[in-house]
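Here the structure comes first, spelled out in structure tokens, and everything after it is commentary.
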Amino acid sequence: MTAIERVFSGVQPTGNLHLGNYLGAIVNFVKLQDSYNCIYCVVDLHAITTWQDPAELTRNIREVTAAFIACGIDPKTHIVFNQSQVAEHAELAWVFNCVARLGWLNRMTQFKEKAGKDRENASVGLYAYPNLMAADILVYRATHVPVGEDQKQHLELSRDIAQKFNNDFADSIKAHTLDPVFFPLPEPLITGPATRVMSLRDGTKKMSKSDPSDYSRINLNDDAEAIAQKVRKAKTDPEPLPSEEKGLEHRPEADNLVGIYAALSGRTKADLLSEFGGGQFSNFKNGLVDLAVEKLGPIGAEMKKLAADPAYVDSVLIDGSDRARVIAAETMSAVKDIVGFIHKK
Ligand code: TYM
């Protein structure tokens, strides 16, 4: 096996896909299709690290799949599937549980945030979650991983795990494969003007599925009315917009809205401020409403259509899983040789 350039990324089916997921991740997933072989995964095994109602989980898996397709991911040329259908993810994650060190996981800020004060009551899965994420990527020996800023630390851990595996098993890797380095060190792709989209209610907090206020985020399936209301109600400050980017410093809400506008329009922040600088927020917000409705409206409509055809969505996931499994099984077979397990070849 030789390493080819391959993109892998995942999104959790935990409800309410929002503008942060779209601009921070999915827009880049779509772009990368032109230059890479891409694998996009609905990470249902990750979702159950916190409680999910089973019927809702099923709906959410289909909804994320529909969002991928509606945003422009082509499941025929590339691979779209749900994680639990390819058992090799969990299998490699176990090997990585034995490679990663407790000290590494103890540094993960997302676990600390998600577990909160009641850490004793968090699931073991939530703690080991970054090892599964490393397995997702490395079971395909993926080289590039498009994500939002909040996943950077997990990506660094994936690189550490790949490197430790390559080092620990260096002799066995040489004996069993033609590659001197078995796992590539996956490179994070954190690009675009909206790698960290903030809450519309508080510019210092990340836009998130779990925020209790629906006004904090724009959901991918919000209708025009909801988008308009949320943008108009978005928190701002009393100053007019600045004419230059430097004027956005220490103004998190203004900076966030300009960043969203820039990302949706493909224009730079500087260019937008030369148009809107000095003016009132209401004018800028009207422009943002029109733009957001223009960009997200067709996605929401396509998602609705796909929601009415679950059999088609499921067939995409089954076909994608069948193709993913072929690649994953090849890696896992080599991993078994390298670690020293006996298995049927
Ligand atoms: P998840 O499901 O929380 O988010 C999916 C993607 O959306 C990005 N994102 C954001 N980007 C900008 N601003 C925001 N406010 C924002 N909120 C979310 C995330 O960075 C992510 O790219 N652990 C991952 C899923 C995962 C994965 C993987 C990703 C599992 N295995 C392997 C890459 C490779 C997660 O929980 O993402």
Side-chain angles (χ1 to χ4, degrees), residues 6-30 32 38-50 52 60-61 63-65 67-68 71 81-84 86 89-90 92-93 96 108-111 113-114 125-126 128-159 161-162 186-211 216-220 252 255-256 259-260 263-264 324 328:
R6 181 177 278 141
V7 161
F8 180 93
S9 198
V11 174
Q12 290 199 58
T14 41
N16 286 330
L17 273 187
H18 53 70
L19 197 58
N21 301 126
Y22 179 63
L23 295 177
I26 301 174
V27 163
N28 294 325
F29 296 1
V30 174
L32 289 163
C38 301
I39 304 179
Y40 296 126
C41 184
V42 185
V43 290
D44 47 12
L45 296 175
H46 277 93
I48 62 163
T49 56
T50 58
Q52 304 298 321
N60 286 335
I61 294 169
E63 185 173 313
V64 174
T65 311
F68 281 173
C71 290
F81 75 108
N82 60 313
Q83 190 182 24
S84 60
V86 180
H89 288 245
L92 185 59
F96 287 171
M108 294 296 115
T109 55
Q110 197 162 76
F111 173 75
E113 279 162 23
K114 285 201 177 170
L126 189 66
Y129 171 123
N131 294 344
L132 177 60
M133 188 164 154
D136 298 339
I137 300 164
L138 294 170
V139 85
Y140 302 102
R141 306 211 299 165
T143 49
H144 295 80
V145 185
V147 282
E149 170 74 34
D150 62 339
Q151 294 300 318
K152 192 169 172 208
Q153 194 185 33
H154 289 157
L155 258 290
E156 279 158 11
L157 185 89
S158 298
R159 293 169 64 92
I161 290 174
E187 214 178 288
L189 299 176
I190 302 174
T191 52
T195 56
R196 189 173 177 83
V197 178
M198 308 308 276
S199 156
L200 300 181
R201 308 298 282 165
D202 177 352
T204 64
K205 261 174 51 187
K206 194 180 72 174
M207 183 176 285
S208 142
K209 298 168 186 174
S210 53
D211 194 313
S216 68
R217 62 181 160 260
I218 293 176
N219 301 309
L220 280 190
D255 188 34
N256 187 39
I260 291 173
L264 281 174

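Counting convention: from 1, in listed order, for ligands and their atoms alike. In what follows, every heavy atom counts, from backbone to side chain, and hydrogens, waters and symmetry copies are set aside.
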Could you tell me if any non-hydrogen atom of Gln83 lies under 4.0 Å from any atom of ligand 1?
no
Do Glu187 side-chain atoms and His144 backbone N/O form a donor-acceptor pair below 3.5 Å?
no
Any side-chain heavy-atom pair of Arg217 and Asp211 under 4.5 Å
yes
Hey, are Thr50 and Gln52 close enough side-chain-wise for a donor-acceptor pair under 3.5 Å?
yes
Do any nitrogen or oxygen atoms of Glu149 come within less than 3.5 Å of a nitrogen or oxygen of ligand 1?
no
Checking the N or O distance criterion of under 3.5 Å, is ligand 1 in contact with Val197?
yes
A student comparing Gly148, Pro13, Ala142 should find that the heavy atom closest to atom 8 (C) of ligand 1 comes from Gly148
State whether the side chain of Tyr140 and the backbone N or O of Phe8 hold a donor-acceptor pair below 3.5 Å, judged by distance alone.
no
Tell me if a side-chain donor or acceptor on Asn256 pairs with a main-chain N or O of Gly203 at a distance below 3.5 Å.
no
Report yes if some N/O of Tyr129 lies less than 3.5 Å from some N/O of ligand 1; otherwise report no.
yes
Within a distance under 4.0 Å of any heavy atom of Gln12, pick out the atoms of ligand 1 and give their elements.
2 (O), 35 (C), 36 (O)
Ile137 heavy atoms within 4.0 Å reach ligand 1 at atoms 32 (C), 34 (C)
Is Lys209 in contact with ligand 1, taking contact as a heavy-atom separation below 4.0 Å?
yes
Geometric class of the His89/Phe81 ring pair [parallel <30°, tilted 30-60°, perpendicular >60°]
tilted
Quick one: sort the His46 and Tyr129 rings into parallel, tilted or perpendicular, breaks at 30° and 60°.
perpendicular
Which of the numbered atoms in ligand 1 are under 4.0 angstrom from any heavy atom belonging to His18?
17 (N)
Heavy-atom distance to atom 37 (O) of ligand 1: which of Gln151, His89, Lys152, Lys205 wins?
Gln151
With atoms numbered from 1 as shown, which atoms in ligand 1 lie under 4.0 angstrom from a non-hydrogen atom of Asp150?
18 (C), 19 (C), 20 (O)
Has Ser9 got a side-chain atom pairing as donor or acceptor with Pro146's backbone, closer than 3.5 angstrom?
yes
May I ask you to check if ligand 1 and Met133 share an N or O to N or O distance below 3.5 Å?
no
Indicate, as side chain, backbone, both or neither, the part of Asn21 found under 4.0 angstrom from ligand 1 when only non-hydrogen atoms are considered.
both
With nothing but distance in play, are any N or O atoms of His154 less than 3.5 Å from an N or O of ligand 1?
no
Return yes or no for this condition: an N or O of Met207 is under 3.5 Å from an N or O of ligand 1.
yes
Under 3.5 Å between some N or O of ligand 1 and some N or O of Lys206?
no
Give a yes or no answer on whether the side chain of Thr143 reaches the backbone of Arg6 with a donor-acceptor pair at less than 3.5 Å.
yes
With a cut-off of 4.0 Å, which atoms of ligand 1 are near a heavy atom of His46?
30 (C), 31 (N)
Among Cys41, Ser210, Gly10, whose heavy atom sits nearest atom 25 (C) of ligand 1?
Gly10
Is Val11 close to ligand 1, meaning an N/O of one under 3.5 Å from an N/O of the other?
no
